[in-house]
Amino acid sequence: MSTSPVLLLVDDSGSRRVDPHEPHLSVTDWGVTRGDGIFESISVIAGRMPALDARFDRLEASARALDLPLPDRSIWTDALRKAIDAHEPVDRLAVTVVMTRGVEGADGSPTAWLLARPARDFTDIRRSGVSVVTLDRGYASDAAEGSPWLLLGAKHLSYATNAAALREASRRDADDVIFTSTDGLALEGPTSSLVVRRGDLIESPAVEAGILAGTTQATAFGFFESRGYRTRFSAIAAAELVECDAIWLVSSVRQAVAVHTLDSHPMPVDHTLTADLNRWLGDEARLE
């Protein structure tokens, strides 16, 4: 068992484990020079293989958006099994799957790898929640439909804007961000999906607004439906967020965190419901 991160290089023939401390990526790779590539984040709890269909569906959608080859599900599943078996037992592994356009001027083959390492412990933040600011993303909610080259619904490597938004949140003494559209809709976080509660109704923005399809968000909907809540995708006005009975940001590794402050406005937090939601998300992540 490895105590270091486990790194596997992936190609059409399969995957092979390599030393994560040795160089493996060319400085002329399009992923390095242009951020031209796609990725997925996978949470592995207690060494159990998670359900992967939704992850692969989103990875394939991202590949199509960037005109990259579709990933071979069997090869990537085998690579994940190898990484889980090779890593020392930990409560949670954060696994990143990456595919770039490859090396500039080479044969056109993509560069691909899988990296598994212990996940950051988000226990405290799941309990305490986060303060959030809304930031204008700079696009209308229908921009993805009219301008698909903006890649608004793809999980690609160009994350400089998302990182800049989180730095801006820090400058405003906040922990995280909810992006808004120029036409006044709430969208998503830089690394998370938005879920809100209004009475017995649970809502999340639709992917037609140019946001990433949320795999953890879909699992969260299953939790709320099991509790008798109604769920739907809808246009959520950013100005109405302060009127919600609860707001969560959900993602695969951090899971669900409640928003306790929005643009300096205190928000109601249901700690029991949030804890139950996170237990559900943890149980679902154990399913094969």
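Quick caveat, the model's predicted, so the values are computed rather than measured. Keep in mind that the numbers below use all heavy atoms, side chains included, and drop hydrogens, waters and symmetry copies.
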**Student:** Less than 4.5 Å apart, any side-chain heavy atom of Val177 and any of Glu168?
**Tutor:** no

**Student:** Measure the spacing between NZ of Lys155 and CG of Leu59 and express it to the nearest 0.5 Å.
**Tutor:** 10.0 Å

**Student:** Decide yes or no for Ser43 and Pro50: does some side-chain heavy atom of the first lie under 4.5 Å from some side-chain heavy atom of the second?
**Tutor:**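 No, every pair of side-chain atoms sits at 4.5 Å or beyond.
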
**Student:** Tell me whether Arg101 is salt-bridged to Asp36, with the criterion being a basic N under 4.0 Å from an acidic carboxylate O.
**Tutor:** yes

**Student:** Please check if the side chain of Arg117 supplies one atom and the backbone of Ala94 the other of a donor-acceptor pair under 3.5 Å.
**Tutor:** no

**Student:** Decide if atom CZ of Arg16 counts as having more than 12 heavy atoms of other residues, nucleotides or ligands within a radius under 6.0 Å.
**Tutor:**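 At most 12 heavy atoms, drawn from other residues, nucleotides or ligands, come within 6.0 Å of this atom.
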
**Student:** Between Thr100 and Gly102, is there a donor-acceptor pair closer than 3.5 Å when you use the side chain of the first and the backbone of the second?
**Tutor:** yes

**Student:** Inspect the contact between Arg230 and Glu225 and indicate whether a charged nitrogen and a carboxylate oxygen are less than 4.0 angstrom apart.
**Tutor:**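 So Glu225 does not pair with Arg230 through a salt bridge.
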
**Student:** Ignoring hydrogens and geometry, is there a side-chain-to-backbone donor-acceptor pair from Ser62 to Ala154 under 3.5 Å?
**Tutor:**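 Absent.
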
**Student:** Return the minimal non-hydrogen interatomic distance between Val10 and Ala79, and the atom names on each side.
**Tutor:** CG2-CB, 4.3 Å

**Student:** First locate atom CG of Asp142, then atom OG of Ser147, and finally report the distance between them rounded to the nearest 0.5 Å.
**Tutor:**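 Nearest 0.5 Å value for the CG-OG distance: 8.5 Å.
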
**Student:** One thing to verify: whether Arg81 and Asp85 come together as a salt bridge, which I'm taking to mean a side-chain N less than 4.0 angstrom from a carboxylate O.
**Tutor:**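 Result for this pair is no, no salt bridge flagged.
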
**Student:** Return yes if some donor-acceptor pair links the side-chain N/O of Asp176 with the main-chain N/O of Val132 below 3.5 Å, else return no.
**Tutor:**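 Flag not set: sc Asp176 to bb Val132 has no pair under 3.5 Å.
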
**Student:** Say whether, by atom type as modelled, one donor and one acceptor occur between the side chain of Asp263 and the main chain of His265 under 3.5 angstrom.
**Tutor:** no

**Student:** Would a 4.5 Å heavy-atom cut-off, applied to side chains only, mark Leu212 and Val207 as touching?
**Tutor:** no

**Student:** For the hydrophobic clusters of this structure (ILVMFWY residues joined by side-chain heavy atoms under 4.5 Å, transitively), does one cluster hold both Val98 and Leu151?
**Tutor:**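 Result: no, two separate clusters.
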
**Student:** Between the side chain of Ser204 and the main-chain N/O of Leu194, is any donor-acceptor distance below 3.5 Å?
**Tutor:**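 Looks like yes, one N/O pair under 3.5 Å.
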
**Student:** Check whether Ile247 and Val195 end up in the same hydrophobic cluster, where Ile, Leu, Val, Met, Phe, Trp and Tyr are linked by side-chain heavy atoms less than 4.5 Å apart.
**Tutor:**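 Not linked; separate clusters.
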
**Student:** Indicate yes or no: does Arg197 engage Glu203 in a salt bridge with an N to O separation below 4.0 Å.
**Tutor:** no

**Student:** Keeping the roles fixed (side chain from Thr216, backbone from Ser252), state whether a donor-acceptor pair exists under 3.5 Å.
**Tutor:** yes

**Student:** Quick check: do Arg198 and Glu240 have side-chain heavy atoms less than 4.5 Å from each other?
**Tutor:**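 Of all side-chain heavy-atom pairs linking Glu240 with Arg198, at least one is under 4.5 Å.
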
**Student:** For atom CG of Asp19, decide whether the heavy atoms of other residues, nucleotides or ligands shown that lie under 6.0 angstrom number more than 12.
**Tutor:**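 Enclosed.
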
**Student:** Report whether Ile178 and Val250 are members of the same hydrophobic cluster (ILVMFWY, side-chain heavy atoms less than 4.5 Å apart, transitive linking).
**Tutor:** no

**Student:** Would you check if the side chain of Asp175 reaches a backbone N or O of Ser131 as a donor-acceptor pair within less than 3.5 Å?
**Tutor:** yes

**Student:** Test ring-ring contact (aromatic ring centres under 6.0 Å, His included) on Phe39 and Trp113; report intermediate values, then the result.
**Tutor:** CA-CA 10 Å; Phe39 77 101; Trp113 67 89; over 10 Å; no

**Student:** Does any donor atom in the side chain of Thr215 or Arg55 lie under 3.5 Å from an acceptor atom in the other side chain?
**Tutor:**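 Present: a donor and an acceptor within the cut-off.
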
**Student:** Please answer: with hydrophobic residues joined when any side-chain heavy atoms are less than 4.5 Å apart, are Val6 and Met99 in the same cluster?
**Tutor:**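 Yes; tracing contacts between hydrophobic side chains, which count when under 4.5 Å, links both residues.
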
**Student:** Which atoms form the tightest heavy-atom contact between Ala256 and Thr274, and what is the distance?
**Tutor:** O-CG2, 4.1 Å

**Student:** Identify the two heavy atoms, one from Ala116 and one from Val95, that lie closest to each other, and give their separation to 0.1 Å.
**Tutor:** CB-CG2, 3.9 Å

**Student:** Can you give me the closest heavy-atom contact between Gly214 and Gln217, atom names plus distance?
**Tutor:**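 Shortest heavy-atom separation between Gly214 and Gln217 comes out as O-OE1, 3.3 Å.
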
**Student:** So does Phe223 get a backbone contact from the side chain of Ser226, meaning a donor-acceptor N/O pair under 3.5 Å?
**Tutor:** yes

**Student:** What are the two closest heavy atoms between Pro190 and Asn162, and how far apart are they?
**Tutor:**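 Scanning both residues completely, I find the closest heavy atoms to be O-ND2, 2.7 Å.
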
**Student:** Is there a donor-acceptor pair closer than 3.5 Å between any side-chain N or O of Asp72 and the backbone N or O of Ile75?
**Tutor:** yes

**Student:** What closest approach, in Å, do Pro5 and Pro20 show between heavy atoms, and which atom pair accounts for it?
**Tutor:**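 Between these two residues, the closest heavy atoms are O-CG, 3.1 Å.
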
**Student:** Quick one: pull up CD in Gln255 and CG in Asn278 and give me the separation to the nearest 0.5 Å.
**Tutor:** 5.0 Å

**Student:** Would you call Asp276-Arg227 a salt bridge at under 4.0 Å N-O?
**Tutor:** yes

**Student:** If you define the side chain from C-beta out and look only at heavy atoms, does anything of Glu188 sit under 4.5 Å from Pro205?
**Tutor:**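 A side-chain contact is absent here, since even the closest heavy-atom pair is not under 4.5 Å.
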
**Student:** Show your reasoning for whether ring-ring contact (aromatic ring centres under 6.0 Å, His included) applies to Tyr139 and Phe179.
**Tutor:** CA-CA 10 Å; Tyr139 300 110; Phe179 283 126; 10.0 Å; no

**Student:** Mind telling me whether Phe224 and Trp248 have parallel, tilted or perpendicular rings, with 30° and 60° as the class edges?
**Tutor:** tilted

**Student:** Does Arg73 pair with Asp57 as a salt bridge, N-O distance under 4.0 Å?
**Tutor:** yes

**Student:** Do Glu145 and Glu208 touch side chain to side chain, with heavy atoms closer than 4.5 Å?
**Tutor:** no

**Student:** Do Glu40 and Arg58 meet the salt-bridge criterion of a basic N to acidic O distance under 4.0 Å?
**Tutor:**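 Yes, Arg58 and Glu40 are salt-bridged.
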
**Student:** Indicate if Phe56 and Leu115 have the same hydrophobic cluster label, given that clusters are the connected sets of ILVMFWY residues with side-chain heavy-atom separations under 4.5 angstrom.
**Tutor:** no

**Student:** Is the closest side-chain donor-acceptor distance between Asp136 and Thr180 under 3.5 Å?
**Tutor:**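 No, no side-chain donor-acceptor contact under 3.5 Å.
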
